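Some notes on the structure that comes next.
Being a predicted model, the structure only gives us computed values, none of them experimental. Below, chain A is the first sequence line, B the second, and so on; all start at residue 1. Any value given below was found using the heavy atoms of this structure, including those in side chains, with hydrogens, waters and symmetry copies removed.
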2 protein chains.
Amino acid sequence: MRDVAKAAGVSVATVSHVVNDKPGARIGDDARRRVQDAVLELGYRPNALAKTLSQGGSRFIGLVADAIATTPFAGQIIHGAQDEAWKHGYVLLVANTEGDPVVEKDVIAMMLEHQVHGILYSTWYHREIVVPEILQQTDTVLVDCFSADGALPAVVPDERQGGRTATEQLLAAGHRRIAFINTTTPSPARSDRLAGYRDALEAAGVEFDTRLVLEAEPQQEGGYAAAEAIVASGVTAVFCHNDRVAMGLYDGLRERGVRIPADIAVIGFDNQDVIAAHLRPPLSTVALPHYELGAAGVRVLLGIDPAGEGPTLVACPPVLRASIG
Amino acid sequence: MRDVAKAAGVSVATVSHVVNDKPGARIGDDARRRVQDAVLELGYRPNALAKTLSQGGSRFIGLVADAIATTPFAGQIIHGAQDEAWKHGYVLLVANTEGDPVVEKDVIAMMLEHQVHGILYSTWYHREIVVPEILQQTDTVLVDCFSADGALPAVVPDERQGGRTATEQLLAAGHRRIAFINTTTPSPARSDRLAGYRDALEAAGVEFDTRLVLEAEPQQEGGYAAAEAIVASGVTAVFCHNDRVAMGLYDGLRERGVRIPADIAVIGFDNQDVIAAHLRPPLSTVALPHYELGAAGVRVLLGIDPAGEGPTLVACPPVLRASIG
DNA sequence: CTGAAAGCGCTAACAG
DNA sequence: CTGTTAGCGCTTTCAG
């Protein structure tokens, strides 16, 4: 920068002004031009670190994720967070912890040392967590997770609305006997999607039948294993806890000569693209809004969106494909 | 830091020395203890930005990815890169570009302004790229991609060895008539996996038969469509270009009453966990070493691993499951 | 063994 | 309109 100033025959202050187009500062056209030329000649690039040092507060936002490598979910959160952060002049410092509390503490400490403006603490599936002590030291927003005490702002998917939406797609196609293959794992997804399922049924005047909610491990194997019970139930449609379960169910149904969607319509949840879009027939599902969770997370962190009382709910939109007849 | 110095009754220089346990500097035990106490009392945390400013060179490594949100692949690269970077005291600055050249230029400029030590430029599938001009301005290593002119160090999967390995698994199980469903998309994966397939055949004394290499779109749909030709070929084993193709093939084979692995053994490629581990039967495959690519990338960036003449090849290890009888 | 002082690159008053 | 100067928080000679 000093070099630029020298080359342009002005002071560093002037350079700073033109480089940042400072509003208050009026600079002569000639001087301005000389500076701009010098910047180009010298290939000058401002040092963002020095800038934040002198200004105080940096433009970093930390994003800690517990499982960046297993599903695309964390990737989608990162993507959304980055786009939104970028929009406001912020940059993401990403760290993966694989759920290890020690690593977690270390990476957060690292972020604090780098003067992050705040931290997004995210998990790859919606759940309750206990907030690491060290997060008290900066602004934090929880993404796709929440703490029991509700002390920290959180952004999570609206599982209940998602469950309702899924069921509504089936109802809209004329189905009345609709099974729900829920997960065996206790979680917001488990209880709230079920609640949404019941909401939709009730709204449609269909009586809730306990025998129509089955449980299965939330993987392909679980869906496959549930196939027998599904055909036995005489149902015409199934809402699966997630796309993986639906994938397993496809196999089980096919083995029994049941056609989708002619005999039984199926809807999943998650919109895991690698699976849902490529099953035969392509699977209708409800999307988990990870991108939007990341984006909303930085918005509340930056105070653009209000934090609200409980967790901020992000809608899970339906994604229609061919598995509903 | 000044506060710590004051509280401990020493100078900032002394604080700096004890905080970083400077080798050269001998500090009295009492002074050292006083400083350490003060650090704890005040909850002092060094400012990493100020540190890099004064030291010159930062501890940032930039990682630009073209598609962080679609598959877990980029996530695995990030994971590997971060673990390795961390090990050497570096921190990752991650940016997603979705392949947009403008965004790409912007994020790289941003990274340069943040004084990154170097940049890892990665793609989510192995391919040739044209290197963005701006990357000339810093040390760069290409991860999972390479430039035609070989000007930049690159780290890529060893597709040929992978293709050989896959075929060898089948050969080892006693198969002799082995089909290869290749992709239709020109790429290193396409030509090198084929070369590996031929290598393995030759090494086993099995004659290469052109009619046994089919081509299909590299998705489930492609594999499904290839099923007919596969059964017609009278083959006892199939090497699929990737796991998604294998998944489609499973469907097609099952529809024709062909059992896996009893009638036909199948091996995939990629080790896409969400799919491979949960097909019925679980799919044997060859892993794409994304984690290792990321880690190796930072190693060559930091000069720990030598850059080598051509791209650095990372092995693709076999992952055996139940689809080979 | 420890402190004073200069300087990293930039911004922000404040003078001129 | 433009230049001076004093830091931002830390490291690093260099004296003492």
note = note: A:L53, atom CG; D:dA6, atom C1'; distance rounded to Å ~ 14 Å
message = Quick one, A:I129 and A:R127 - any side-chain contact, counting heavy atoms below 4.5 Å?
response = yes
ask   = Side chains of B:V298 and B:L120: does their closest heavy-atom pair fall under 4.5 Å?
value = yes
message = Quick check for you: to the nearest 0.5 Å, what is the distance between A:D144 atom CG and A:I77 atom CD1?
response = 5.0 Å
ask   = So B:H126 and B:F146, would you call those rings parallel, tilted or perpendicular, with 30° and 60° as cut-offs?
value = perpendicular
message = Counting only side-chain nitrogens and oxygens, does A:S16 get under 4.0 Å of the OP1 or OP2 atom of C:dT11?
response = yes
inquiry  = When the axes are fitted on five pairs at both termini, how much does the helix from C:dC1-D:dG16 to C:dG16-D:dC1 curve, in 10° steps?
reply    = 40°
Sub-4.5 Å side-chain heavy-atom contact between B:V91 and A:L93 = yes
request  = Would you kindly give the CZ-to-P distance between B:R2 and D:dG7, to the nearest whole Å?
outcome  = 9 Å
note = Here the gap from B:K51 atom NZ to A:E113 atom CD, rounded to the nearest 0.5 Å, amounts to 7.0 Å
task = Quickly work out the A:Q115 CD to D:dG9 P distance and round it to whole Å.
result = 9 Å
ask   = Is B:R34 salt-bridged to B:E41, going by a charged N under 4.0 Å from an acidic O?
value = no
key: From CG (B:L313) to CG (B:D192), nearest 0.5 Å   = 8.5 Å
query = Taking CG from B:D21 and C1' from C:dC1, how many angstroms apart are they, rounded to a whole number?
reply = 16 Å
request  = Could you work out which one of D:dG9, D:dT2, C:dT11 sits closest to the side chain of A:D30?
outcome  = D:dT2
inquiry  = Please report the distance, rounded to the nearest Å, between CD in B:Q55 and P in C:dG7.
reply    = 18 Å
inquiry  = Tell me whether the rings of A:F73 and A:H290 are parallel (<30°), tilted (30 to 60°) or perpendicular (>60°).
reply    = parallel
key: Spacing of B:H114 atom NE2 relative to C:dC8 atom P, expressed in whole Å   = 21 Å
Candidates D:dT2, C:dC8, C:dC10 - which lies nearest the side chain of B:S54 = C:dC8
ask   = Which residues in residues 37-50 of chain B have at least one heavy atom lying under 4.0 Å from any atom of DNA chain C?
value = none
ask   = CG of B:L63 to CD of B:Q82: how many Å apart, nearest 0.5 Å?
value = 10.0 Å
request  = Find the distance B:K51:NZ to C:dG7:C1' and express it as a whole number of Å.
outcome  = 17 Å
query = Hey, what do you get for CZ (B:R32) to CD1 (B:I27), rounding to the nearest 0.5 Å?
reply = 6.0 Å
A:E292 side chain reached by A:R299 side chain, heavy atoms, under 4.5 Å = yes
Give me, pair by pair, the N or O atoms of the protein and of nucleotides 3-6 of chain C that are less than 3.5 Å apart, along with how far apart they are.
from  : atom 1 : to    : atom 2 : distance (Å)
C:dG3 : OP2    : B:S11 : N      : 3.0
C:dG3 : OP2    : B:T14 : OG1    : 2.7

inquiry  = In this structure, how many angstroms lie between the C1' atom of D:dT13 and the CG atom of B:N20, rounded?
reply    = 16 Å
request  = Please determine, for the side chain of B:K22, which listed nucleotide (D:dT2, C:dC8, D:dT12) has the closest atom?
outcome  = D:dT12
